[in-house]
Amino acid sequence: MQLHEFEPQEFIVREDELPEFLYILLEGEARVSPSSEDGKLALLDYIRPMDLLGDIEYFFSEVNYHSVVTLTKCLYLAIPIKHLDTYFKENVSFYKFLCMNMARKMRSTSIKYSRSLLYPLKNRLAKYIYDIATFRNSKVVNLKFSQTAEYLVISPRHFRRILSEFEEESIL
């Protein structure tokens, strides 16, 4: 096992490349970013401490599904993929940890997408802001227009409109 440090805006893994490591985030925050055919990156989800990278790719022996880019300085525990079967093959606790992580990802994705179908944008944005404030333990939340709009699957213009409505209603 190794410790890998990444600076903000650095790629941890790139889409369509074979994973070399199973990563466990110890400190920092990163974003999962699928790319379009013209190379633009979108925001799919956030990676936070104790989240794994490469677990699904390991089980399926496939290339990385998405790129992961750091938002802050990140510290990862890196386990070389080539050593997983050798050193962890009989370790039930390790595989339980991997499965719990994948189940958490699946639950999170299911909740996120069911909310996007069932709740209006204002509710989703309010929940997003609340979640970030809670995670960062801060009453001040800095949002990047394009990144937040991508996460909510709306245009930056629509995002500005909703923020203006929040201001008019004295929510923000």
Side-chain angles (χ1 to χ4, degrees), residues 1-36 40-89 91-116 124-138 140-144 146-153:
M1 290 193 249
Q2 307 163 3
L3 286 177
H4 291 185
E5 230 177 42
F6 297 91
E7 295 299 320
Q9 302 307 313
E10 190 174 349
F11 279 87
I12 301 165
V13 297
R14 291 186 187 271
E15 187 174 339
D16 293 328
E17 291 183 358
L18 282 171
E20 294 181 50
F21 299 95
L22 174 76
Y23 284 112
I24 303 170
L25 180 59
L26 301 176
E27 295 175 4
E29 187 176 19
R31 70 183 207 163
V32 179
S33 298
S35 63
S36 65
K40 289 184 180 179
L41 293 177
L43 171 64
L44 179 63
D45 211 346
Y46 291 99
I47 303 289
R48 300 210 165 107
M50 294 312 293
D51 284 343
L52 301 182
L53 297 179
D55 49 348
I56 296 170
E57 293 82 355
Y58 165 67
F59 275 112
F60 289 106
S61 299
E62 294 181 350
V63 297
N64 295 317
Y65 294 120
H66 305 297
S67 295
V68 177
V69 181
T70 59
L71 295 171
T72 63
K73 190 172 186 173
C74 290
L75 180 64
Y76 277 90
L77 180 63
I79 305 169
I81 294 283
K82 63 184 178 187
H83 295 313
L84 288 178
D85 286 335
T86 305
Y87 296 107
F88 293 97
K89 185 169 41 176
N91 190 324
V92 174
S93 295
F94 176 73
Y95 282 101
K96 182 178 178 185
F97 174 68
L98 290 179
C99 289
M100 291 293 292
N101 183 73
M102 286 190 286
R104 189 171 42 251
K105 285 179 186 179
M106 190 169 56
R107 185 183 77 202
S108 172
T109 301
S110 175
I111 290 169
K112 178 181 167 186
Y113 288 107
S114 63
R115 276 194 191 124
S116 72
R124 292 186 289 136
L125 177 57
K127 176 73 170 128
Y128 176 78
I129 293 170
Y130 174 79
D131 287 346
I132 290 176
T134 302
F135 174 73
R136 296 185 179 151
N137 197 23
S138 174
V140 177
V141 176
N142 295 318
L143 301 176
K144 293 183 180 178
S146 59
Q147 185 176 312
T148 305
E150 287 173 3
Y151 185 77
L152 296 169
V153 194

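Starting from 1, each residue takes its place in the sequence as its number. Every heavy atom of this structure was used, including side-chain atoms; hydrogens, water molecules and symmetry mates were not. The structure displayed is predicted, hence computed values, not measured ones.
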- [ ] May I have the step-by-step check of side chain to side chain contact (heavy atoms under 4.5 Å, CB included) for H83 and F88, ending in yes or no?
- [x] CA-CA 8 Å; H83 295 313; F88 293 97; over 6 Å; no

Open item on the list: What verdict does the side chain to side chain contact (heavy atoms under 4.5 Å, CB included) test give for Q9 and E7, after you've listed the backbone C-alpha separation in whole Å, the side-chain angles of each residue and the deciding distance to 0.1 Å?
Closed with: CA-CA 6 Å; Q9 302 307 313; E7 295 299 320; over 6 Å; no

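Within a 6.0 Å radius of CE in M106, other residues, nucleotides and ligands contribute 12 heavy atoms or fewer. Heavy atoms of other residues, nucleotides or ligands lying less than 6.0 angstrom from CG of N142 number 12 at most.
Residues satisfying the salt bridge (charged side-chain N to carboxylate O under 4.0 Å, His left out) test with E29, not counting sequence neighbours, are R48, R136. Residues satisfying the side chain to side chain contact (heavy atoms under 4.5 Å, CB included) criterion with E62, sequence neighbours excluded, are F60, Y65. Remark: D51 pairs with no residue by the salt bridge (charged side-chain N to carboxylate O under 4.0 Å, His left out) rule, at least two apart or across chains. In terms of the salt bridge (charged side-chain N to carboxylate O under 4.0 Å, His left out) criterion, R14 has no residue partners (sequence neighbours excluded). Considering only residues two or more places apart in sequence or on other chains, N137 meets the side chain to side chain contact (heavy atoms under 4.5 Å, CB included) condition with none of them.
When all heavy atoms are compared, the tightest approach of L22 to L53 is CD1-O, 3.4 Å. Closest approach of I56 and M102 over heavy atoms only: CG1-SD, 3.6 Å. Closest of all the heavy-atom pairs between P49 and G28 is CD-O, 3.5 Å.
Side chains of L52 and I47 form no contact here, defined as non-hydrogen atoms less than 4.5 Å apart. In this structure the side chain of F21 never reaches within 4.5 angstrom of the side chain of M1, judged on heavy atoms. L98 has its side chain within reach of F59: a pair of non-hydrogen atoms, C-beta onward, lies under 4.5 Å apart. Residues S67 and F11 form a side-chain contact, since some pair of their non-hydrogen atoms from C-beta on lies under 4.5 Å apart. Taking the side chain as every heavy atom from C-beta outward, Y128 and V141 never approach each other to under 4.5 Å. Side-chain contact check for F94 versus L84: some heavy-atom pair is nearer than 4.5 Å. Contact annotation: the side chain of V63 never approaches that of E17 to less than 4.5 Å [non-hydrogen atoms, C-beta and beyond].
One distance of note links NZ of K105 with CE of M100; it measures 13.5 Å at 0.5 Å rounding. Here L26 contributes atom CG and E5 contributes atom CD; the two are 10.5 Å apart, rounded to the nearest 0.5 Å. With values rounded to the nearest 0.5 angstrom, R124 atom CZ is found 12.5 Å from I129 atom CD1. Rounded to the nearest 0.5 Å, atoms OG (S33) and CG (D45) are 10.0 Å apart.
Between the side chain of T134 and the backbone N or O of Y130 there is at least one donor-acceptor pair closer than 3.5 Å. Remark: the backbone N or O of H66 is not paired with any side-chain donor or acceptor of N64 at under 3.5 angstrom.
Just one of L75, V69, L25, I12 meets the side-chain contact (heavy atoms from CB on, under 4.5 Å) condition when paired with F6; it is I12.
A donor-acceptor pair shorter than 3.5 Å can be found between the side chains of Y58 and D85.
Every pair tested for side chain to side chain donor-acceptor pair (under 3.5 Å) that includes a residue from residues 69-78 fails, sequence neighbours excluded, so the list is empty.
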